[in-house]
Trainee: 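Here it is, the structure in full.
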Amino acid sequence: MSAPRRRRWIDVLRRAAEPASAAETPADIDTALWSAHGEAQRAVSEAADGAPRLMETVTRQRASIEGVSERAGAMAAHAEGLTLAATRVADLFERLSVVALNAGLEGARNPEPQGKALLLLSEEIRTHTTRGADATRDLVAVVEEMAAETSLIRGELANVLMAADETGGSARALGDAAGRAGLALADVERHLRRATGIDPEVARAVALAAEHARGLLSALSTLRATTPARPLLLGALRPVLAPLSRLLGELGDEGRTGEASPGSPQGDDGGASP
C-alpha cells in the first residue's frame with residue numbers, strides 16, 4: 001500500500017471518535033464499499049450453501065411422500081378386494097335366507113310335530129341370515145368409505161408431490177442465481193480494487209480496527225468521567241496503551257515520510273488526497 005493510502009487509513013482510525021455528522025472522506029467511502037461488498041458476499045455464500053441442502057431435503061421428502069402414496073394405493077386395492085368379498089358374503093346370506101324360507105314353507109305343509117320343528121328352525125335361520133346380511137352391508141359401506149378417503153389422500157399426496165417438485169425447481173433456481181451473483185460480486189471486487197487500490201482484507205481490518213477504536217475511546221471516556229484516581233488509571237493502562245501508541249506513531253511516521261519523499265505516488269487513489 002502506498003504511503004498516502006496508508007495515511008488515509010490512519011486518519012480513519014483517528015476520526016473514529018468524531019461525531020457521526022462529520023463529512024465522509026474517500027477513505028470512509030472505500031471502507032463502506034468494502035464492508036457492503038463483504039456483507040453481500042457472505043449472503044451469496046449462505047444462499048449458495050443453502051440451495052443444495054434444500055434440494056437434498058426436498059428429495060428426501062419427495063421419496064417419503066412417494067412411499068406413503070404407494071402404501072395408500074395398496075390400501076385402496078385391499079379395500080376393493082374386501083368390498084368384493086363382503087358383497088359375496090352378503091349374497092350367500094341372501095341365498096341362505098331363501099333356503100330357510102323354502103324350508104319354512106315345507107314345514108308348514110308337513111304335519112305335526114316334524115313340520116313345526118322345521119318351521120321353527122327356518123325362522124331361526126332367517127333371523128340370523130338377516131342379521132348377517134345387515135352386518136355385511138354395514139361392513140361394505142365402511143370399506144367403501146375407507147376407499148373413498150384413501151383416494152382423497154392419494155390426491156392430496158399428488159398435490160404435495162407437485163409442490164415438492166416446484167420447491168426443488170425453486171431451489172435449483174436459487175443455486176443458479178447464487179452462482180451468478182457470486183460471479184457478479186467477483187467482477188465488482190475487481191472494479192473496487194482498481195477504483196480504491198485497496199485489498200478487501202486490508203479494508204476489513206481497517207474497519208474492524210476503527211470499530212475497536214470507537215469502543216476503546218468510549219471506555220476511556222467513561223473511565224475518565226467516573227474514576228478520580230487518574231494516576232492509578234494511567235499506570236494500569238500504560239502497558240496496554242504503550243504498544244498501541246508506538247504502532248500508531250510508526251504508521252504516522254511512515255505516512256509522513258512517504259508524503260515527503262519525491263518518489264512517493266500521489267495519484268494511486270484517484271487524486272483524492274486526505
Side-chain angles (χ1 to χ4, degrees), residues 43-182:
V44 170
S45 177
E46 291 176 0
D49 294 340
R53 291 196 298 269
L54 179 59
M55 292 180 63
E56 292 177 1
T57 302
V58 170
T59 302
R60 290 195 301 268
Q61 290 181 348
R62 196 181 193 286
S64 300
I65 294 169
E66 287 178 348
V68 174
S69 180
E70 291 178 358
R71 287 192 290 271
M75 288 178 59
H78 291 318
E80 291 178 359
L82 185 58
T83 300
L84 294 175
T87 303
R88 288 195 297 268
V89 171
D91 292 339
L92 291 176
F93 277 123
E94 292 293 339
R95 293 179 182 180
L96 184 59
S97 178
V98 172
V99 172
L101 179 60
N102 293 331
L105 295 175
E106 186 66 26
R109 288 195 296 267
N110 290 334
E112 297 288 346
Q114 293 85 359
K116 185 176 181 180
L118 186 58
L119 182 60
L120 292 176
L121 180 61
S122 173
E123 291 177 354
E124 187 71 18
I125 292 175
R126 289 179 62 193
T127 300
H128 288 296
T129 54
T130 301
R131 293 176 180 175
D134 293 339
T136 303
R137 282 191 292 269
D138 293 339
L139 178 60
V140 170
V142 172
V143 172
E144 288 178 349
E145 185 177 354
M146 290 177 57
E149 293 293 335
T150 305
S151 298
L152 292 176
I153 291 174
R154 294 186 67 187
E156 294 294 334
L157 289 175
N159 294 332
V160 174
L161 285 175
M162 292 179 59
D165 292 337
E166 292 178 359
T167 304
S170 299
R172 286 189 291 271
L174 176 62
D176 295 340
R180 292 193 300 271

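Numbering starts at 1 and runs along the sequence shown. Both backbone and side-chain heavy atoms feed into the values below; hydrogens, waters and symmetry mates do not.
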Trainee: Give me the atom names and distance for the closest heavy-atom approach of Ala51 to Ala171.
Mentor: CB-O, 3.7 Å

Trainee: Sequence neighbours left out, what pairs pass salt bridge (charged side-chain N to carboxylate O under 4.0 Å, His left out) with at least one residue falling in residues 71-89?
Mentor: none

Trainee: Measure the spacing between CE of Met146 and OG of Ser151 and express it to the nearest 0.5 Å.
Mentor: 11.5 Å

Trainee: What heavy-atom pair brings Ala147 and Ala79 nearest, and what distance separates the two atoms?
Mentor: CB-CB, 4.0 Å

Trainee: Does Ala100 have any side chain to side chain contact (heavy atoms under 4.5 Å, CB included) partners at least two apart in sequence or in another chain, and if so, which?
Mentor: Ser122, Ile125, Arg126

Trainee: Using side chain to side chain contact (heavy atoms under 4.5 Å, CB included) as the criterion, list what pairs up with Leu161, not counting sequence neighbours.
Mentor: Arg62, Ile65, Glu66

Trainee: Which residue in the set Asp138, Leu84, Thr87, Leu82 passes side chain to side chain contact (heavy atoms under 4.5 Å, CB included) when paired with Val143?
Mentor: Leu82

Trainee: Taking atom CG of Leu101 and atom CG of Leu105, what is their separation to the nearest 0.5 Å?
Mentor: 4.5 Å

Trainee: Mind checking the CZ-CZ spacing from Arg131 to Phe93? Nearest 0.5 Å is all I need.
Mentor: 12.0 Å

Trainee: Under the side chain to side chain contact (heavy atoms under 4.5 Å, CB included) rule, collect the residues that match up with Glu144, sequence neighbours excluded.
Mentor: Thr83, Val140

Trainee: According to side chain to side chain contact (heavy atoms under 4.5 Å, CB included), who are the partners of Val58, at least two apart in sequence or on a separate chain?
Mentor: Leu54, Ala164, Thr167

Trainee: Kindly give the heavy-atom pair with the smallest separation between Ala178 and Val44, and that separation in Å.
Mentor: O-CG1, 3.4 Å

Trainee: Side-chain contact test, heavy atoms from C-beta onward, threshold under 4.5 Å: evaluate it for Leu119 versus Lys116 and give yes or no.
Mentor: no

Trainee: Rounded to the nearest 0.5 Å, what separates atom CG in Asp91 from atom OG1 in Thr136?
Mentor: 9.5 Å

Trainee: Between CZ of Arg154 and CD of Glu149, what distance do you get to the nearest 0.5 Å?
Mentor: 14.5 Å

Trainee: Quick one: which residue pairs count as a salt bridge (charged side-chain N to carboxylate O under 4.0 Å, His left out) with a foot in residues 43-56, not counting sequence neighbours?
Mentor: none

Trainee: Could you measure the distance from the CG atom of Leu157 to the OG atom of Ser64? Nearest 0.5 Å is fine.
Mentor: 11.5 Å

